[in-house]
Asker: 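The structure is given below, and queries will be raised subsequently.
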Amino acid sequence: MNLIPEQLPERRRFLRLTGSAVAAAGFLGWASQAHAAQPSVAPAGQASQPAAKLPPAVKLPAMQEDKTEKSEMPVQLGKDGRLGLAIVGLGRLSLEEIMPALASSKRCKVTALVSGDPEKARRVAAMYDVPQTSLYSYDTFDQLRDNPDVHAVYIVLPNALHREFVIRAAQAGKHVLCEKPMATSVADCQTMIDACKAADRLLMIAYRIQYEPLNRQVMDWVRDGSTLGTIKLIDMANCQNQSKENVRQWRHVKALAGGGALPDIGLYCLNTARFLLGEEPIEVSASQYSSEGDSRFTEVEEAMLWQMRFPSGVRVQCSSSYATFTSKRYRVLGDKGWADMDPAFAYEGLQLKRSQIASDTSEFIAPGIEQISTKVKNQFALEMDHFAECVVTGKQPWTPGEEGLQDQRIMEAIYESARIGKPVRLEPVKGLDAFRGTPPAKS
Ligand code: NAD
């Protein structure tokens, strides 16, 4: 990427300035004085010196990447304190979920729209009070750079277009929230991460389930080790029946979707299993099929069935299909209890049930089943509000680009396993939440 000097990302401009400040400080002998100006404890046997009047401390650039490091130039929000979003792509998800969810958001508002259909954009803008001067096409997208009311863009386009628009958004100086799946190849995911880093813009992948309170409750139980005991097995499914009316819609075209049931809906099983456990799988084994003669699935798979093995020994069994009645559920089984989410991945109406060995005895008693309830919160609003908080504070989001890249790596291993008919091993990853940033605030 070539940038002319005045377009240099803010952090790089800052680092250049800081670099010259450090050089000047060294020349004048300020650096050592500035260091001495920091609070210090005198070594044993030495009296501390009276504090001299010194110039302010010189801030040195960070030595190491730190996933919670703060950006040097956080965005300046308007008087209402809300992050201004440009919504890119006015399809079903934008119009039916994301834009209505802004009514429940505490930190975001829509300030621009990007669409290939000017008339639709005008109508949507009128509904959401977006100025008619803040409507863009895919060709004029880069002019978002000059719109100070747009702090970030939310990419809601077919999967294969995410790469181009994430890169263009970052180069236009905007932070980026990108729908799942992040892209259609590992190489594209990496390029998107690199582009956002080079422009010092945040990149977050919109994994709404990781911000949803009931799913977060299950994560706490899985990780506390006592509520459900030692986790042994997770059984998950995300299935739906694709319309037969529009067989050539982009989800059935490999070049636009990247694949079929797996990257679109199976991804929820993959991503949620990783999120609940915090671990990364070390092996996958998979099989895929498409019913003969079904014109929806000439390019992409109808169904992907796979297992994942995690370092702790947990086995996760996943089913995704584009040709069954809707089922979006999982059950986590430990040796002392289970947690069941059904539906787990729907936009609303999620239901969590739990069953445990009674706590006052080690004997198994016929299990009672508890229904767990919580105040219903809009998942998209929670996700967007976390993004806004990260943009303002400069903290790494809980689901950054690296989280999307890891899913893509695993999906490629799943396809490979289905192709060769054998298990495929994955690079072991140490630690918990290795690809995640700052956890979302308790909602
Ligand atoms: P959609 O088909 O309803 O909308 C896609 C939009 O992209 C349309 O406005 C369309 O006009 C536009 N577009 C631009 N270039 C296009 C092209 N070359 N071909 C086709 N459309 C083009 O799709 P959607 O359901 O809104 O999905 C958009 C993205 O959101 C996808 O990445 C999808 O995986 C993701 N998604 C996420 C969730 C979630 O719960 N997080 C749910 C649904 C979809």
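Atoms within a ligand are numbered from 1 in the order they appear, just like the ligands themselves. All values below were derived from every heavy atom in this structure, side-chain atoms included, with hydrogens, water molecules and symmetry-related copies excluded. Count residues from 1 along the sequence.
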Asker: Looking only at the side chains, is there a donor atom on one of Tyr207 and Glu383 sitting less than 3.5 Å from an acceptor on the other?
Answerer: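 Side chains of Tyr207 and Glu383: no pair found under 3.5 Å.
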
Asker: Quick one: side chain to side chain contact (heavy atoms under 4.5 Å, CB included) partners of Ala346, sequence neighbours excluded?
Answerer: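 Expected list: Pro343, Leu350.
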
Asker: Tell me whether Glu212 is salt-bridged to Arg208, with the criterion being a basic N under 4.0 Å from an acidic carboxylate O.
Answerer: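 The answer is no: the pair does not qualify as a salt bridge.
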
Asker: With atoms numbered from 1 as shown, which atoms in ligand 1 lie under 4.0 angstrom from a non-hydrogen atom of Glu179?
Answerer: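 Heavy-atom distances to Glu179 below 4.0 Å select 30 (O), 35 (C), 36 (N), 37 (C), 38 (C), 39 (C), 41 (N).
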
Asker: What part of Tyr268 sits under 4.0 Å from ligand 1 if we count only heavy atoms: the side chain, the backbone, both or neither?
Answerer: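 Side chain only.
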
Asker: Please determine whether a side-chain nitrogen of the Lys or Arg among Asp129 and Lys109 lies less than 4.0 Å from a carboxylate oxygen of the Asp or Glu.
Answerer: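 Salt bridge absent between Asp129 and Lys109.
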
Asker: Please determine if Arg208 has a nitrogen or oxygen closer than 3.5 Å to a nitrogen or oxygen of ligand 1.
Answerer: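 Min N/O separation from ligand 1 is below 3.5 Å for Arg208.
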
Asker: May I ask whether Arg251 places a heavy atom under 4.0 Å from ligand 1?
Answerer: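 Contact check Arg251 vs ligand 1: positive.
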
Asker: Does any pair with a residue in residues 337-351 pass salt bridge (charged side-chain N to carboxylate O under 4.0 Å, His left out), and if so which ones, sequence neighbours excluded?
Answerer: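 Every salt bridge (charged side-chain N to carboxylate O under 4.0 Å, His left out) pair that includes a residue of residues 337-351, provided the two are not neighbours, is Arg331-Asp340.
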
Asker: Please list the nearest protein heavy atom to atom 23 (O) of ligand 1 with its residue and the distance rounded to 0.1 Å.
Answerer: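 Minimum-distance protein heavy atom for atom 23 (O) of ligand 1 reads Trp250 NE1, 3.5 Å.
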
Asker: Do protein heavy atoms approach atom 35 (C) of ligand 1 to less than 4.0 Å?
Answerer: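 Flag for atom 35 (C) of ligand 1 set to true, protein heavy atom closer than 4.0 Å.
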
Asker: Below 3.5 Å, N or O to N or O, backbone or side chain included: is there any such pair between Leu93 and ligand 1?
Answerer: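 So ligand 1 has an N or O lying under 3.5 Å from an N or O of Leu93.
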
Asker: I'd like to know if Asp433 and Arg223 make a salt bridge, using a cut-off of under 4.0 Å between side-chain N and carboxylate O.
Answerer: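 Arg223 and Asp433: salt-bridged.
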
Asker: So for His162, does at least one of its heavy atoms come nearer than 4.0 angstrom to any atom of ligand 1?
Answerer: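 Contact present.
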
Asker: If hydrogens are left out, which of Ala183, Gly91, Cys178 has an atom nearest to atom 4 (O) of ligand 1, that is, the closest non-hydrogen atom?
Answerer: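 Heavy atom nearest to atom 4 (O) of ligand 1 belongs to Gly91.
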
Asker: Determine, using heavy atoms of Tyr347 and all atoms of ligand 1, whether some pair is separated by less than 4.0 Å.
Answerer: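 Per 4.0 Å heavy-atom rule, Tyr347 contacts ligand 1.
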
Asker: Between Pro158 and ligand 1, does any nitrogen or oxygen pair lie at a separation below 3.5 Å?
Answerer: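 No, there is no polar N/O contact under 3.5 Å.
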
Asker: Hey, which atoms in ligand 1 end up nearer than 4.0 Å to a heavy atom of Asn159?
Answerer: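 Near Asn159, the atoms of ligand 1 are 31 (C), 32 (O), 33 (C), 34 (O).
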
Asker: How close does the nearest protein non-hydrogen atom get to atom 16 (C) of ligand 1, and which residue and atom is it?
Answerer: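 Protein heavy atom with the smallest distance to atom 16 (C) of ligand 1: Leu161 CD1, 3.8 Å.
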
Asker: Does even one non-hydrogen atom of Gly116 get within less than 4.0 Å of ligand 1?
Answerer: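 The answer is no: ligand 1 sits nowhere under 4.0 Å from a heavy atom of Gly116.
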
Asker: Between Arg409 and Gln406, is any side-chain donor less than 3.5 angstrom from a side-chain acceptor?
Answerer: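 A donor-acceptor contact under 3.5 Å links the two side chains.
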
Asker: Below 4.0 angstrom, N of the basic side chain to O of the carboxylate: do Glu402 and Lys197 qualify?
Answerer: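 Yes, Glu402 and Lys197 are salt-bridged.
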
Asker: Verify, without hydrogens or angle tests, whether Thr191 (side chain) and Ala187 (backbone) share a donor-acceptor contact under 3.5 angstrom.
Answerer: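 Yes, Thr191 side chain to Ala187 backbone: donor-acceptor pair under 3.5 Å.
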
Asker: May I ask you to decide whether Glu283 forms a salt bridge with Arg309, counting only side-chain N to carboxylate O separations under 4.0 Å?
Answerer: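 Answer for the salt bridge query: yes.
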
Asker: Pro181: heavy atom below 4.0 Å from ligand 1, yes or no?
Answerer: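 Distance cut 4.0 Å: Pro181 passes for ligand 1.
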
Asker: Under the side-chain hydrogen bond (donor to acceptor under 3.5 Å, both in side chains) rule, what do Ser134 and Asn147 come out as? Steps first, then yes or no, please.
Answerer: CA-CA 8 Å; Ser134 293; Asn147 188 335; 3.2 Å; yes

Asker: Is any side-chain N of the basic residue among Arg436 and Glu403 closer than 4.0 Å to the acidic one's carboxylate O?
Answerer: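 Salt bridge between Arg436 and Glu403, a charged N being under 4.0 Å from a carboxylate O: yes.
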
Asker: May I ask you to identify the nearest protein heavy atom to atom 12 (C) of ligand 1, giving residue, atom name and distance to one decimal place in Å?
Answerer: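 So the nearest neighbour among protein heavy atoms is Tyr138 OH, 3.7 Å.
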
Asker: Does at least one non-hydrogen atom of Phe380 fall below 4.0 angstrom from an atom of ligand 1?
Answerer: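 Heavy atoms of Phe380 do come under 4.0 Å of ligand 1.
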
Asker: Give the contacting part of Asp117 toward ligand 1: side chain, backbone, both or neither, where contact means a heavy-atom distance below 4.0 Å.
Answerer: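 Contact part for Asp117 vs ligand 1: neither.
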
Asker: Is it the side chain (CB and beyond), the backbone, both or neither of Arg92 that lies under 4.0 Å from ligand 1, heavy atoms counted?
Answerer: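 Both the backbone and the side chain of Arg92 come within reach of ligand 1.
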
Asker: Under 3.5 Å, is there a donor-acceptor pair between the side chain of His151 and the main chain of Leu83?
Answerer: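 No; judged by distance alone, with no hydrogens or angles, the pair does not exist.
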
Asker: Heavy atoms only, cut-off 4.0 Å: how does Tyr154 contact ligand 1, side chain, backbone, both, or neither?
Answerer: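 Neither; nothing of Tyr154 gets under 4.0 Å from ligand 1.
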
Asker: To the nearest 0.1 Å, how far is atom 29 (C) of ligand 1 from its closest protein heavy atom, and which atom is that?
Answerer: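 Checked against all protein heavy atoms, atom 29 (C) of ligand 1 sits closest to Leu157 O, 3.3 Å.
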
